[in-house]
J.: 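Quick one: the structure is below, questions incoming.
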Amino acid sequence: MTVSGPIRVVVAKPGLDGHDRGAKVIARALRDAGMEVVYTGLHQTPEQIVDTAIQEDAHAIGLSILSGAHNTLFAGVLELLREREAEDIKVFGGGIIPEEDIGPLRELGVAAIFTPGAPTGEVVEWVRAHVRPVIA
């Protein structure tokens, strides 16, 4: 297995949540760690996020959700990735997600959840360890 180029991550703020400081902090940390990062901005739909990830040939999507709509929004992104045969794009996320929702989200296919206070280094190391661009 040969690693090819930098890891590409789409960082997105789905739904109506208008607070993007955390998403921008994570995007910057990933970029500073040598990854290519596309930040989609506020109020993105699952369709817009998946379209961007596919167009940008992303290896992962990082979702930041503070609105309480995490179950619906994560499910929407994962379903669209399945429909578009892009399940190789890993989905991880963070935000205000109750502990009791983390297990069901993981079962749904969310690769990792980072709750408030997670160090940016922890996110960077998780992405490095679990998201790998590979030449077949």
J.: How close do G62 and V9 get, counting heavy atoms only, and between which atoms?
T.: N-CG1, 4.2 Å

J.: Treating Ile, Leu, Val, Met, Phe, Trp and Tyr as nodes and any side-chain heavy-atom pair under 4.5 angstrom as an edge, say whether L78 and I97 lie in one connected cluster.
T.: yes

J.: Output the rest of the hydrophobic cluster of L16: all Ile, Leu, Val, Met, Phe, Trp and Tyr residues reachable through side-chain heavy-atom contacts under 4.5 Å, sorted by chain and number.
T.: none

J.: Under 3.5 Å, side-chain donor or acceptor atoms of residues 116-124 against the rest of the protein: list the pairs with distances, not counting sequence neighbours.
T.:
none

J.: More than 12 non-hydrogen atoms from neighbouring residues, nucleotides or ligands closer than 6.0 Å to CD on E100, yes or no?
T.: yes

J.: Are I65 and V11 co-members of a hydrophobic cluster defined by side-chain heavy atoms under 4.5 Å apart?
T.: no

J.: How close do V77 and V50 get, counting heavy atoms only, and between which atoms?
T.: O-CG2, 3.7 Å

J.: Rounded to the nearest 0.5 Å, what separation is found between the CD1 atom of I96 and the OG atom of S67?
T.: 9.5 Å

J.: Looking at residues at least two apart in the chain, or sitting in another chain, which of them share a salt bridge (Lys or Arg N to Asp or Glu O under 4.0 Å) with R106?
T.: none

J.: Taking only residues two or more places apart in sequence, or in another chain, which ones meet A75 in a side chain to side chain contact (heavy atoms under 4.5 Å, CB included)?
T.: L108

J.: Looking at D17 and L66, would you say the former's side chain and the latter's main chain have a donor-acceptor pair under 3.5 Å?
T.: yes

J.: Taking side chain to side chain contact (heavy atoms under 4.5 Å, CB included) as the test, write out the residues that go with D57, two or more places apart.
T.: R8

J.: Applying side-chain hydrogen bond (donor to acceptor under 3.5 Å, both in side chains), which residue pairs with at least one partner in residues 74-98 are found, sequence neighbours left out?
T.: D51-R84, E79-R82

J.: Return the set of residues passing side-chain hydrogen bond (donor to acceptor under 3.5 Å, both in side chains) with D101 (not counting sequence neighbours), or none when no residue passes.
T.: H70

J.: Answer yes if I49 and I113 sit in the same cluster of Ile, Leu, Val, Met, Phe, Trp and Tyr residues linked by side chain heavy atoms under 4.5 Å apart, and no otherwise.
T.: yes

J.: How long is the straight-line distance from OG of S64 back to NE2 of H19, given to the nearest 0.5 Å?
T.: 10.5 Å

J.: Any chance you could measure F114, atom CZ, to L63, atom CG, to the nearest 0.5 Å?
T.: 12.5 Å

J.: Residues two or more places apart in sequence or in another chain: which of them pass ring pair (Phe, Tyr, Trp, His ring centres under 6.0 Å) with H130?
T.: W126

J.: When you group the ILVMFWY residues by side-chain heavy-atom contacts below 4.5 Å and let the links chain together, are I26 and M35 in the same group?
T.: yes

J.: State which residues pass side chain to side chain contact (heavy atoms under 4.5 Å, CB included) with R31; sequence neighbours excluded, sorted by chain then number.
T.: R28, V37

J.: Checking E56 now: which residues fulfil salt bridge (Lys or Arg N to Asp or Glu O under 4.0 Å) with it, not counting sequence neighbours?
T.: none

J.: Go through it in stages, so that I can follow the logic: the residues are I89 and V10, the test is side chain to side chain contact (heavy atoms under 4.5 Å, CB included), and I'd like the CA-CA distance, side-chain angles, deciding distance and then a yes or no.
T.: CA-CA 10 Å; I89 300 172; V10 168; over 6 Å; no

J.: Looking only at non-hydrogen atoms, find the nearest pair between E36 and P6 and report the distance.
T.: OE2-CG, 3.3 Å

J.: Work out which heavy atom in P46 is nearest to a heavy atom in L80; give both atom names and the distance.
T.: C-CD1, 3.5 Å

J.: Determine, using the 4.5 Å side-chain heavy-atom cutoff (strictly less than), whether V91 and L105 are members of one ILVMFWY cluster.
T.: yes

J.: My understanding is that only residues two or more places apart in sequence, or in another chain, count here; which of them pass side chain to side chain contact (heavy atoms under 4.5 Å, CB included) with L42?
T.: K13, D20, Y39

